[in-house]
Structures are given as C-alpha cells and as structure tokens.
2 protein chains.
Amino acid sequence: MNIRLLCLGALCLRSGTGYDIKKLFESAFSHFQSASFGSIYPALAQLERDGLVTHHNEPGARHPERKVFEVTEPGRTAFAESLASIPATEQMRSDYMGLVFFAHLLSTETLQAKLAEIEAFYQSELEYLVAIRDWPGQSPGIHFTIEQGIAVYRAKLAHLRSQGPSLLARHREAPTPPPDGLP
Amino acid sequence: MNIRLLCLGALCLRSGTGYDIKKLFESAFSHFQSASFGSIYPALAQLERDGLVTHHNEPGARHPERKVFEVTEPGRTAFAESLASIPATEQMRSDYMGLVFFAHLLSTETLQAKLAEIEAFYQSELEYLVAIRDWPGQSPGIHFTIEQGIAVYRAKLAHLRSQGPSLLARHREAPTPPPDGLP
DNA sequence: TCGAACATGTAAAAGGTTACATGATTAC
DNA sequence: GTAATCATGTAACCTTTTACATGTTCGA
C-alpha cells in the first residue's frame with residue numbers, strides 16, 4: 001500500500017487538499033504509515049492523470065490556490081478493488097531496536113538518552129491515540145486500528161519501563177561484553 | 001540506520017559472507033529491519049571501497065567463490081561513532097492496519113482472510129523469538145530487543161484475538177457504514 | 001507586527017526492491 | 001537424480017525523502 005493508494009483512500013473518506021491529507025498522515029494514519037509533501041503532491045497529480053480523482057479550485061484569491069480534491073466513481077471502484085488484493089503485511093524499521101542491539105558499543109549515557117528519547121515518543125503517540133479513541137462516528141475498522149495502536153504502545157512502554165533500568169544497570173557494570181550466540 | 005550501516009554492524013559481531021548477513025536479516029534483525037540481496041551486496045562493496053571492511057576468498061574452488069568479509073579497525077570505530085549519532089526512532093508501515101482502516105470497503109470474507117493472514121504471521125514471528133529467547137551468550141542489548149519483540153507480538157495477538165471476532169460480527173451486520181469523525 | 005499555520009509544488013538524491021543471470025553443493 | 005540451499009552479482013525500476021522555492025492568512 002503505497003502513498004498514492006492511501007491518498008486515494010483518504011479522499012474516499014472525505015474530499016480535501018494535499019495539505020489536509022498530510023494532516024491525516026500525521027494523525028489518523030500516523031501509527032501505520034508516514035508521508036511527506038514530496039510524495040503526496042506528486043501522488044495526487046498522478047491520481048488525477050489516471051482519472052481517479054478530480055479537483056476544483058476553491059473560490060477566493062489566495063495564493064497558492066486551495067485545490068480541493070475529490071474522488072471520482074472510477075477512483076472509488078479502483079480503490080476498493082486494489083484494497084482487496086493487498087496482502088495483510090507489516091514491516092517495522094526501528095533504529096531504536098538497532099541501537100539497543102549494539103548497545104555494548106555505546107556509552108551508558110548515550111544509551112540512557114536513547115531510551116529516554118523513545119519513551120517520550122511512545123508516550124506522546126499513546127496519549128494521542130487515547131485522546132481520539134472515543135471520538136464519535138468512527139467505523140468499526142478505524143476503531144480497531146486505534147485500539148491496536150494503544151495496545152502496542154502500552155506493551156512497548158511497559159517493556160521499556162520494566163526492562164530499561166536493568167539494561168542500563170548491566171550496561172554500566174560490563175561496558176563492552178563480547179556478544180555472541182546469534183541464531 | 002540504513003542497510004549499509006547494519007551490514008557493518010553485523011560484521012562487527014562476526015565475520016561472514018553476504019549470504020550469512022542475509023540470514024541475519026531474516027532471523028535476529030527480522031523484527032526491526034528487512035533487507036534483500038540487492039541491497040546487501042552493493043552495501044558490502046561500498047563498505048569495502050570505503051576501507052571499513054575487507055574480504056578474503058575462502059580456499060576451495062566453489063562457484064561463485066565465498067567472500068568472507070571482516071570489519072577493519074577504522075570500520076569498527078566508524079560503526080561505534082555512527083551508532084551514537086543515530087536518533088532512536090521507529091516507523092511502522094502496516095498494510096494490515098491500512099486494510100482494516102478501510103475495512104468497510106471489503107467483503108466480510110476478504111476481511112476475515114486478511115485477519116487470518118496477519119495472525120499466522122504474528123504467531124510465527126512470536127514463536128521464533130520465544131525459541132531464541134534463552135540462547136546462551138546474548139548481550140543484554142540483544143536480549144532486550146528479543147524481549148521487546150515478544151511483548152509486542154503478544155500484545156498484537158491478544159488484541160487481534162479479542163477484538164477480531166467483534167470486528168467481523170459488526171462488519172457482517174453493517175457492510176458499508178459511512179465512516180466519519182476523523183481527527 | 002510577527003510567528004505559526006496554511007498552501008503548492010519541483011528536482012535531485014537516496015534508498016531499496018524485483019527480476020534476472022549463473023552455477024555449485026548438499027541432503028534425501 | 002532432484003530439490004533445496006548455498007553463493008554472488010547487476011540493472012532497471014520504484015518509492016520516498018530532503019531541500020528548495022514561494023507566497024498568504026490568521027491569531028496573539
């Protein structure tokens with residue numbers, strides 16, 4: 001599921017500008033996909049070339065003009081069809097886990113700072129999801145994704161808070177143990 | 001943390017071939033980063049150009065020859081330094097969550113199949129991590145990452161098993177509810 | 001009036017996947 | 001003998017990020 005398809009999906013929920021869609025990526029989509037303007041605007045342009053969305057410029061002479069995009073009927077059909085053919089996969093890329101994997105090469109202070117950094121991130125993501133959890137008008141599917149996000153961030157925070165201190169303690173005692181015994 | 005840096009890290013743990021490193025990405029690294037041969041071999045070539053690794057061909061005339069890579073002293077230093085400067089971030093790209101977000105556009109059968117698909121994936125990842133959990137010789141950092149993986153997959157499975165059936169039931173009753181009320 | 005948010009877009013570069021091409025060795 | 005695993009590499013392509021460029025509107 002690339003950015004183009006998710007932009008199309010966003011417009012199936014409600015019409016809006018590229019800027020609006022960016023905000024969606026920073027809120028409702030944030031715990032499963034990110035995207036920058038540099039991928040959103042070209043995606044919208046291509047969707048329009050393919051006839052899956054259209055836009056009309058909003059009245060009022062602002063600059064640049066607000067381009068409100070709207071999905072077309074072929075677009076709506078194409079989205080539903082594409083969706084059904086996408087395998088349910090997941091992939092994580094976690095620099096945090098990479099860092100901790102090689103923690104024996106960091107100073108204790110650095111490691112501690114990294115753990116604090118990721119804890120703050122987890123905390124703010126969790127707070128956001130809890131805040132939107134009971135908004136009215138959510139479909140069961142959307143509610144399900146929010147609940148999953150909450151469950152995952154809670155598990156990550158619980159793990160970090162219970163295991164973090166002992167990781168740091170062991171790290172302080174034995175700064176550079178030669179690791180081995182990999183699968 | 002790109003593939004190049006992770007390959008360098010892998011060689012800091014133990015020397016090996018590109019093929020060996022691929023297996024590491026499929027096992028010990030699998031729950032936080034994936035990589036294909038098409039990124040690993042060029043990464044090793046570039047690390048060697050930069051003097052961070054060297055290789056020697058293993059005796060015995062097989063084809064193609066086994067190139068055993070080994071980190072150099074500058075490589076070891078460069079890795080430790082790079083590591084300290086990487087922010088502890090995480091990003092998920094979950095087609096599964098994207099799919100469920102738009103579940104109202106899928107048939108109940110399709111949705112059910114997708115949930116079964118991801119459950120099998122979670123299950124096998126969890127089993128793998130539990131199996132390697134108590135291997136001897138792991139550094140505290142490596143152990144920490146495995147524990148986190150276990151905690152996360154358990155939370156995901158628990159969420160899926162407790163909320164999946166009710167999602168499917170509500171989906172069956174109201175096939176295409178108009179969702180709204182997004183943040 | 002000043003900074004944050006709104007608003008659109010492009011070009012270059014980075015990063016990675018997929019598919020192809022080739023062939024040996026090992027375990028059953 | 002035959003299938004799986006071991007083993008290396010390239011090239012074309014795809015996706016996405018980063019950095020730049022520009023200007024407006026709104027609220028404090």
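Here is the naming used below: chain letters follow the sequence lines, and residue numbers restart at 1 for every chain.
Considering only side-chain atoms of B:Q33, the nucleotide from C:dG16, C:dA7, C:dT18 that sits closest is C:dG16. The side chain of A:H63 has D:dT24 as its nearest neighbour among D:dT24, D:dC6, C:dG16. Side-chain proximity of A:N2 to C:dA7, D:dT16, D:dA7: nearest is D:dT16. Among C:dC6, D:dT8, D:dT17, the nucleotide with an atom closest to any side-chain atom of A:K23 is C:dC6. The listed nucleotides are C:dT8, D:dT8, D:dT16; the one nearest the side chain of B:F37 is D:dT8.
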* **Residue pair A:F102, B:F79: steps toward the ring-ring contact (aromatic ring centres under 6.0 Å, His included) verdict** => CA-CA 10 Å; A:F102 295 102; B:F79 181 64; 4.9 Å; yes

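Distance, A:N57 CG to C:dC6 C1': 16 Å, rounded to whole Å. Summarising the geometry, the separation between CD on B:Q46 and C1' on D:dT10 is reported as 16 Å, rounded to the nearest angstrom. What separates CD of A:E65 from P of D:dT25 is a distance of 11 Å, to the nearest Å. Atom P of nucleotide C:dG16 and atom CD1 of B:I3 are separated by 5 Å, given to the nearest angstrom. Distance A:E58 CD to D:dT25 C1': 13 Å, rounded to the nearest Å. Per the geometry, CZ belonging to B:R66 stands 9 Å off C1' belonging to D:dC6, to the nearest Å. Rounded to an integer number of Å, the gap from B:K22 NZ to D:dG9 P is 16 Å. We find that OH of A:Y19 is positioned 15 Å from P of D:dT25, with the value rounded to whole Å.
In terms of phosphate contacts, A:S39 brings a side-chain nitrogen or oxygen within less than 4.0 Å of OP1 or OP2 of D:dT17. Between B:K67 and D:dG9 there is a side-chain N or O to OP1 or OP2 distance below 4.0 Å. At the phosphate of C:dG15, neither OP1 nor OP2 sits under 4.0 Å from any side-chain N or O atom of A:R93.
In this structure, B:T17 and A:R4 both approach DNA chain D, and ranking their closest nucleotides by distance from the 5' end singles out B:T17. DNA chain D is contacted by both A:M1 and B:A45; B:A45 maps to the nucleotide lying nearer its 5′ end (nearest heavy atom per residue).
Using a 4.0 Å heavy-atom distance criterion, A:G38 is classed as a base contact.
Between B:F144 and A:H159, the distance from one ring center to the other falls under 6.0 angstrom. Aromatic pair B:F32/A:Y96: centroids not less than 6.0 angstrom apart.
The cationic atom of A:K22 (NZ for Lys, CZ for Arg) lies less than 6.0 Å from the six-membered ring centre of A:F37 and within 45° of the ring axis.
Using cut-offs of 30° and 60° on the angle between ring planes, the pair A:F69 and A:H55 is tilted.
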